[in-house]
Amino acid sequence: MNALSELRSRFEKVLSELTSDPAPFVGMIKPTQDATFGDFQANCAMPLAKQRGTNPRSLAAEIVSKLAVSDLCHPPEVAGPGFINIRLKEDWLTERINAVVADPRLGVELAAKPKRVVIDYSAPNVAKPMHVGHLRSTVLGNALYRVFKFCGHQVVGDNHIGDWGTQFGMILFGYKNLLDAAAFQSNAVGELARLYRLVSQLSTYHDSKAELPIAETRRSQLETELKAAEATKAPNDKQAEKALKKLRTDVAEILDQIKTLNKQIETVESSQVLKALADAHPQIAELARLETAKLHARDEENTRLWNQFVPQCLAAIQGIYDRLDIQFDMTHGESYYNPLLAIVVEEMQKNGLAVESDKAICVFIPGNAAPFLIRKSDGAFTYATTDLATIRYRVKELNADTMIYVVDTRQSEHFRLLFETARLWGYGDRQFVHVNFGTILGKDNKPYKTRSGDTVGLESLLDAAVAKARQIVNENDDRKKDDAGNPTPELDDATRAVVAETVGIGAIKYADLRHNRESDYVYDEDKMLATTGDTATYMQYAYARVCGIFRKGSINRETLRQGAGQIRFTHPSERALSLQLLRFSEALDGVLSEFRPNILTDYLFATANSFSTFYQECSVLKEPDEATRTSRLLLCDLTARVIAVGLDLLGIKTCEQM
RNA sequence: GCGCCCAUAGCUCAGCUGGAUAGAGCAACGGAUUUCUAAUCCGUAGGUCGGGGGUUCGAAUCCCUCUGGGCGUACCA
C-alpha cells in the first residue's frame, strides 16, 4: 500500500467518528505542494469544522490526537487555519522502499475488484491511410489500455475500424471506373488510397460547383444587409452594434467559404486530366453511394472486392501499429455489426424508444435539440445504429461492465445521446465513458495540415521525427570524448538507428500524452525532440545513464536485488528520490480515475528529475563505503525499473545506451 | 438562433471534486564540468490566473455577466 492510501485509511478511522460520510474528507489528504510543509497535508479539518459548526484549528488538533500514525510519520502538526501537516519517518520510508525493491510490481497492487473493460481506440478508416488525426486516439487509447491491464483489470482493446461506410463505396466506384491497373499490381493499397482521394476530390468538385452560386447569392444578400445596417445604426446602440458585428462575421465566413469552393474547383479545372474525369463522371457522388448500398445489400461483386481489399488495407495499417508498438485484442470493424442493425432498429421501434420522423427513425431524448438518428430516410443505417449494436455485443458477448471510447471531443454530442439511449435501452448498469480529446494544431493554431492543405500522413510524421532524432543521436555520440579529449563514439550505425527510432517515436507519443487530453495542442517537432526539457528523451536519457552505471561497474542487477544490501538515506536527494519512487501507484490511480495519462507523464518527469538531482549529488560507483554504494545501486536499479515500466505503460520504449 | 469548450509567465502548457507565498518546460540571466553519459544539475528574474460582479474564513478552481476565440448543431463517421 502506498503512503497516501495508508494515510487515508488511518484518517478514515478517525473521520468516520466525526461524520457519517468521511469519503470526501479523506480525499482531502494530498501530497504537499511545498516541501516545507512536509510530505502530505490533510485539509479536511476546515470544511468539516464548518459542517459541524466548530473551530477548525481545535478540530484539527482533535483529529491529530486521535490519529494512530506514530509508526509511519512524525507527530502531525496543525498549521494555519487548520491544515494538518505530515512528515513520514525515515524508518517507515526505508522499510517501504526496500519492500518495493523486492517487488516485481514496484509497489503497485492489483485491483481488488477487477473491472471488465472494453477500450475502443484508434479506429481508422480502411479507405484512407492513417493520418495525424488518428494519432491521439491511438496513442492515448493504447496508454490507457496498458495502464488498466497493468493494474489488474480485464481489458479488451478493440479497434472499431471504419470498413463499411460511404468511403468504401468511393473505393469501389474508383476501382471499377478509374483504376490504374499497373499501379494496383505493384501497390494495391496505395492505388486504392489514390482512388479514394480521386473520387472524393471529383465529388467535392461537383458539390462545389453546385454550391458556389448559392454561396454567392448569400454573400450579396449579407453584404446588402450589412450596408443597410451600417447606414442606419444609431451611435451607442449596443443592440445594433452586436448585430452589426454578427453580420460582419457572417460576411467573413461566407467569403472564406467561397474561397474554399473556388480553390476546390480551381484544383480540378487547372488539370486537364482531372477536368476530363470530372466531366466524364458528373454523378460520381451518387454512384459511389450506390456502390455502398450494393455492398450493404450483399451484391456479389462488391462483396468479393470488399473481401479482397479489406485484408490488404488492414495489413498496411498494421505496419504502422507495429512501428508504434500498438496492440489490440480484436479488430471488429463496423461491418461486423451489420447483421444486427435491422434488429436493433426494429426492437427500438417496438418498445417505443424510436419513432419515425421525416421518414427517418429517431430516438428523441428530452433536453436535446437533435434527435439520435438510427435509420436514415433512404433506409440506410448510421454509425449511431452500429454503436448501439456494438454496445449490445460488448455487454452480451464480452460481458463488459465499462466501455471506454477514445474519440475526438467534437463527437461529444453523439456520445451523450448514445449513452443516454443505451441507458434507456436497458444498459443503465454499465459504465460508459467518452474519453474525449482536443485537436492537434499546426503552428498557425489551426488544425494541422500540410502547406497545400492536405492532412498529414502518419507515416511521414513518424519518418520525419525519426530522421530528426537520428541527427541528434549522431551529434551526441560523436561528441563523446575520453580524458585526453579523443573522440570515443560508442554506438555503431545499427544501434544509432534503433536509438533514433526509439527516441523519435517516443517523442511523438510523449508530446501527445503529456498534454491534458481535453486541450488542443500545437504539433511542434522541434519542441518534442528538444534535447532539453520535459520530453520523452529526458527520461530515456535518465534511464540510459542508470544503465551506464551498471555497465561500467559490471554489476548484475538481479544479483544486486537478491543480495543482502538495503537502501538507507545518507543524503536528502536519496530520501526525495525514494519518496518519489513510492508514489508510482498514486500516479497510476490518477490515470485510471480520470483517464488522464498526463498524470503519469508528470510523475515520470518528476521522477527523472529527482534522479538527475541525486545523480549529480551522490556518486555511486566511486562511493567508498560499501553499504552506501550498495544502497545507491539499489536506488538506481529501482529508478530504472520505475522509469522503464512507466514509459512502457505509455507505450514508449527505452534504450540501454544512448 | 441553440448547445458545448477554452482564455493562467514573453512562448508552449500543468493545476480546476475551493485551501497556505499560482507551478513546470522553453526562452532570458547567473553559477557548476580533471563527468558513474553536461541529451545534466543548482540558482535568479518573470503572473491584477481575459474584464466585472457574487458565494465563502478562503476562489485560477463554484455561480452570474461581459469580451475575445474554437467546436458542434437530424439523415458522413
Side-chain angles (χ1 to χ4, degrees), chain A residues 24 27-28 30 32-34 36-37 41 43 46-47 49-50 56 79-83 85 123 125 162 164-167 246 289 334 357-362 364 368-384 386-387 407-414 416 436 438-439 441 445-447 472-473 475-477 479-481 483 490 503 514-516 518-522 524 526-527 530-535 537-538 540-542 544-553 598-599 601-602 605-606 609 612-623 632 636 657-658:
Chain A
M28 292 176 197
K30 308 179 172 176
T32 49
Q33 267 189 357
D34 186 332
T36 58
F37 298 131
Q41 62 180 29
N43 304 336
M46 281 100 55
K50 188 194 275 183
F83 297 101
N85 291 335
N125 200 296
W164 202 245
T166 323
Q167 317 82 350
K246 172 88 175 83
R289 270 197 295 275
E334 293 168 339
S357 166
D358 282 351
K359 289 189 192 159
I361 310 295
C362 307
F364 286 92
N368 288 281
F372 197 53
L373 209 148
I374 58 174
R375 205 181 74 193
K376 299 193 282 185
S377 53
D378 65 4
F381 303 108
T382 72
Y383 73 140
T386 313
D387 281 351
V407 182
D408 196 306
T409 200
R410 281 172 290 200
Q411 287 189 44
S412 295
E413 199 171 5
H414 167 71
R416 211 171 31 243
N436 59 329
T439 309
L441 307 174
N445 272 320
K446 289 189 183 139
I472 294 166
V473 172
E475 280 168 24
N476 188 63
D477 200 41
R479 214 167 36 220
K480 289 176 187 161
K481 287 181 192 133
D483 291 347
E490 295 171 356
V503 168
R514 69 179 276 252
H515 292 100
N516 180 329
E518 285 170 299
S519 324
D520 297 346
Y521 77 91
V522 175
D524 185 338
D526 294 327
K527 251 170 206 160
T531 55
T532 56
D534 185 7
T535 60
T537 321
Y538 177 76
Q540 288 168 326
Y541 180 66
R545 289 215 287 182
V546 185
C547 293
I549 291 176
F550 292 112
R551 195 168 51 246
K552 250 185 199 150
N598 68 314
I599 294 174
T601 61
D602 277 359
F605 181 62
N609 201 18
S612 293
T613 304
F614 158 79
Y615 185 90
Q616 200 79 17
E617 305 275 336
C618 300
S619 54
V620 181
L621 291 173
K622 287 177 186 166
E623 168 56 43
R632 289 179 181 170
C636 285
Q657 211 171 348
M658 288 171 73

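The sequence lines fix the lettering, A, B, ..., with proteins before strands; numbering per chain opens at 1.
On a pure distance criterion of 3.5 Å, a polar donor-acceptor pair joins the side chain of Q41(A) and the base of A20(B). For a distance-only test at 3.5 Å, the side chain of N85(A) qualifies as a donor-acceptor partner of the base of A20(B). Below the 3.5 angstrom threshold, one finds no donor paired with an acceptor across the side chain of S519(A) and the base of A14(B). Between the base of A14(B) and the side chain of N516(A) there is no donor-acceptor pair shorter than 3.5 Å.
In this entry the distance linking CZ of R416(A) with P of C71(B) reads 18 Å, nearest Å. Following rounding to the nearest Å, H515(A) (NE2) and C16(B) (C1') show an atom-to-atom distance of 18 Å. Distance CZ (R514(A)) to P (A14(B)): 8 Å, rounded to an integer number of Å. Rounded to whole Å, the distance from CD on E617(A) to C1' on C42(B) is 8 Å. Nucleotide A39(B) holds its P atom 19 Å from the CG atom of D526(A), rounded to whole Å. Spacing between atom CD of E413(A) and atom P of C76(B) amounts to 15 Å, rounded to whole angstrom units.
In this structure, T535(A) does not reach the G25(B) phosphate: none of its side-chain N or O atoms is under 4.0 Å from OP1 or OP2. Residue Y541(A) places no side-chain N or O under 4.0 Å from the OP1 or OP2 atom of C41(B). Distances shown here put a side-chain N or O of T532(A) below 4.0 Å from the OP1 or OP2 atom of C26(B). Within the structure, every side-chain polar atom (N or O) of N43(A) is placed at least 4.0 Å from both OP1 and OP2 of G18(B). Phosphate proximity of U37(B) to K552(A): present, with a side-chain N or O under 4.0 Å from OP1 or OP2. Put simply, N598(A) has no side-chain N or O that comes within less than 4.0 Å of OP1 or OP2 on A14(B).
Spacing of P atoms, U55(B) relative to A9(B), comes out at 28 Å, to the nearest Å. Annotation: U61(B) and G53(B) have their P atoms spaced 14 Å apart (nearest Å). A distance of about 30 Å separates the C1' atoms of G23(B) and U37(B), rounded to the whole Å. Nucleotides G46(B) and A22(B) place their P atoms 13 Å apart, quoted to the nearest Å. Using atom C1' as the reference point in both A74(B) and C62(B), the two lie 35 Å apart (nearest Å).
Stem list for RNA chain B (at least 3 consecutive Watson-Crick or G-U pairs, distances under 3.5 Å): B:1-7 with B:67-73, B:10-13 with B:23-26, B:28-32 with B:40-44, B:50-54 with B:62-66.
A cation-pi contact links R545(A) to Y615(A), judged by a cut-off of 6.0 Å to the six-membered ring centre and 45° from its axis.
Contact between C636(A) and V620(A) at its shortest, heavy atoms only, is SG-CG2, 4.0 Å.
Ring stacking holds between F37(A) and A20(B), with the centres under 5.5 Å apart and the planes within 30 degrees of each other. A distance cut-off of 5.5 Å between ring centres, combined with a plane angle under 30°, places F83(A) in a stacking arrangement with the base of A20(B).
In the displayed structure, K359(A) atom NZ is contacted under 6.0 Å by at most 12 heavy atoms of other residues, nucleotides or ligands.
Here R375(A) pairs with nothing under the salt bridge (charged side-chain N to carboxylate O under 4.0 Å, His left out) rule; sequence neighbours left out.
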